[in-house]
Amino acid sequence: MTVQQQMKTLSHFMNGVETVGISGRFSEVFNPSTGEVLAQVPLATKDEVKQAIKFAKAAFPAWKKTSIGKRVEVLHRFRQLLLERQDELTDVICEESGKTKEDAKGEIIRGIESIDMAISAPQMLKGEYSVNVGGNINAFSAKAPLGVVATIAPFNFPVMVPLAITSMAVAVGNAVILKPSERVPNSALFLCDLWKEAGLPAGIWTVINGDKEAVNELLENKNIQAISFVGSTPVAEYIYQTGTKHNKRVAAFGGGKNFMIVMPDANLEQTANAFLGAAYGAASQRCMAISGAVVVGQDTEKRFTEVLKEKILKLKVGPYTDKDVDFGPVITQQSKETIIRYINGALEEGANLVTDGRNPSICETSTGFYIGPTLINHVTPDMTIFKEEVFGPARFIVGVESLQDAIDLINDHELGNGVTIFTNSGAAARKFQEDIEVGMVGVNVPIPIPVGYHNFGGWKRSKFGEGHMFGPDQARFFTKAKTISERWPDESEDTTSSFAFPSNQDSTIK
Ligand code: NAD
């Protein structure tokens, strides 16, 4: 698919071909930078999902039996194609998500990192072997793919999240069904062509577009073995509960409320620069975006607010076609209205506006879904803007008296995806690392997202289930272990029946 194909009806991708949706239900795909409708995406019926699962199930046995070396060759080719066509894909991402080009390119590179990790699948799949565990028996463990697995993705990483979840699943021998966000289906459909060209057999990579109806079929269908979900916390919890009720392995990654602790000894200039990118980049639509600064000490709070304000007033919001913009629009008009409600709510609850992005100047000339960088101070933990994830550029400052207060405040929050501290004190950093109850932790790092060969995942209500995204844990999530005990007795060996429970003292072979 290319960006030229605008205002059209999209398809699904099943059994290696584009497949027209027959539900008669559609969702509009917007260009958030202009507010225009780009396309309509079909919302699959349960029967269409069942058909997709049937194709995937039929394709699985041959893919499972394909040598790991050959499977990895397909990933190598796919990686190469992605590199060759990354400019085209960048445009597709920007057009339907509103991200800047630089940001979209970064997401593709992160996606490629997860392909690199998947290319190491032969290493990940190595089992364990023990010789002569008893009575001339050797024992070994092997990892087998699960079968048909499903991935349900959010809008904010149209390429990175699908690649992060599916690359390893494919490499270790599963057939994957991806249900992308109905807001950004073009990016996922773009990947279909590349997989096909790379030589992936039909049925191993499926894109089914849809909403709750399609997701429910994936959650309930007995032929789906595992679900990997990425999205908001309420939906993640629903996916986990429903999927596990139907006996599936589920890893459901939810939302985040990610704090940056600013210590009195931090370099405020550097810290403010780090805050800007981590808090407002991608219009704050990242699960690891910094939501707020927790500043230790009144004087530091005052100075940090001043430095930030000055820098925020220089930020530029606009369309991805303008290479000078720092960030673009939010994903929909509805999302824009929700974020403005959060800002208004905070003011009603007693907070104070440092910078007001509710009506940025770009809105005078564009009907895109823009909000400017908003900073709110005098925020307290009982305010809604502190408690709930706000997926847009409304960020805040909370003042505390000590590092311990900052840690307690963050540990009490129900979400625990990412967190970071800015300090020059090794002792403060060490205490923070040890005591903080959050899954991904940074020290003087603005966004502590792990590299592709480390496990990714939050704590508390930011993740449900035990699997991780990226990292070696993914190979474990998408495989099951089989332990084999074998003996090859010689014809001449004298064997007897044993009615005792097998042990390594087994005497059935003399
Ligand atoms: P979302 O929860 O609205 O949607 C995610 C997916 O679930 C989409 O494919 C959507 O179609 C589907 N869905 C939505 N409502 C559903 C329902 N009631 N039943 C079944 N399926 C449903 O999330 P979003 O708005 O697309 O993405 C933003 C959210 O994702 C934010 O909360 C962000 O923090 C989170 N996120 C988390 C991570 C992570 O790694 N933890 C990464 C990226 C995004």
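One-based numbering, in listed order, for ligands and for the atoms of each.
For ligand 1 and I152, the ligand atoms under 4.0 Å from any heavy atom of the residue are 6 (C), 7 (O), 9 (O). Against a heavy-atom cut-off of under 4.0 Å, A153 is close to the following atoms of ligand 1: 5 (C), 6 (C), 8 (C), 9 (O). If you number the atoms of ligand 1 from 1 as listed, the ones under 4.0 Å from a heavy atom of S181 come out as 9 (O).
With a heavy-atom cut-off of 4.0 Å, A236 does not touch ligand 1 at all. With a 4.0 Å cut-off on non-hydrogen atoms, P234 does not touch ligand 1 at all. If you look at E389 next to ligand 1, the close heavy atoms, those under 4.0 Å, all belong to the side chain. Contact annotation: for D211 versus ligand 1, there are no heavy atoms closer than 4.0 Å.
Annotation: side chain of Y238 is in contact with side chain of N216 (closest heavy-atom distance under 4.5 Å). Two residues are said to be in side-chain contact when any heavy atoms from C-beta on lie closer than 4.5 Å; I312 and V354 fail this criterion. Using a 4.5 Å cut-off on side-chain heavy atoms (C-beta onward), P42 and R25 make no contact.
Using a 4.0 Å heavy-atom cutoff, S335 is absent from the residues neighbouring ligand 1.
For atom 4 (O) of ligand 1, the nearest protein heavy atom lies 4.0 Å or farther away.
Looking only at protein heavy atoms, the nearest one to atom 26 (O) of ligand 1 is F155 N, 3.1 Å. At the shortest separation from atom 39 (C) of ligand 1 among protein heavy atoms lies C287 SG, 3.4 Å. Taking atom 21 (N) of ligand 1 as the reference point, the nearest protein heavy-atom neighbour is V215 CG2, 3.5 Å. Shortest contact from atom 27 (O) of ligand 1 to any protein heavy atom: P154 CB, 3.3 Å. The shortest contact between atom 7 (O) of ligand 1 and any protein heavy atom is with F229 CE1, 3.3 Å. In terms of protein heavy atoms, atom 40 (O) of ligand 1 is closest to F456 CE2, 3.0 Å.
Taking distance alone, with nitrogen or oxygen atoms compared against 3.5 Å, T233 stays at or beyond that limit from ligand 1. Checked against a 3.5 angstrom limit, the closest N/O atoms of S232 and ligand 1 fall inside it. Polar contact check, E182 against ligand 1: a nitrogen or oxygen pair lies under 3.5 Å apart. For ligand 1, the polar-atom distance check finds no N/O of V161 at less than 3.5 Å from any of the ligand's N/O atoms. The distance criterion of under 3.5 Å between nitrogen or oxygen atoms is not met by N156 with respect to ligand 1. On a distance-only criterion, M469 and ligand 1 share no N/O pair closer than 3.5 Å. Checked by distance only, ligand 1 and V235 stay at 3.5 Å or farther apart across all their nitrogen or oxygen atoms. Of the N or O atoms in G254, one or more lie within a sub-3.5 Å distance of an N or O in ligand 1.
Expressed to the nearest 0.5 Å, how far CD of Q474 lies from CD1 of I165 amounts to 7.5 Å. For the atom pair I385 CD1 and T380 OG1, the distance stands at 11.0 Å (nearest 0.5 Å). Taken to the nearest 0.5 Å, the CG atom of L10 stands 12.5 Å off from the CD atom of E182.
A salt bridge is defined here as a Lys NZ or Arg NE, NH1 or NH2 lying under 4.0 Å from an Asp or Glu carboxylate O, and K101 with D91 meets this definition.
Using a distance-only test at 3.5 Å, with no hydrogens or angles considered, a donor-acceptor pair links the side chain of T244 to the main chain of Q241. E389 places a side-chain N or O within 3.5 Å of a backbone atom of G256 that can act as its donor or acceptor partner.
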(Q) Run the side chain to side chain donor-acceptor pair (under 3.5 Å) test on D473 and H468 for me, step by step, so that the C-alpha distance in whole Å, both residues' side-chain angles and the decisive distance to 0.1 Å come before the verdict. (A) CA-CA 6 Å; D473 201 43; H468 284 85; 2.9 Å; yes

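Relative to the six-membered ring of F275, K311 misses at least one condition, a distance below 6.0 Å or an angle of at most 45° to the axis.
Remark: aromatic rings of F259 and F386 are close, center separation under 6.0 Å.
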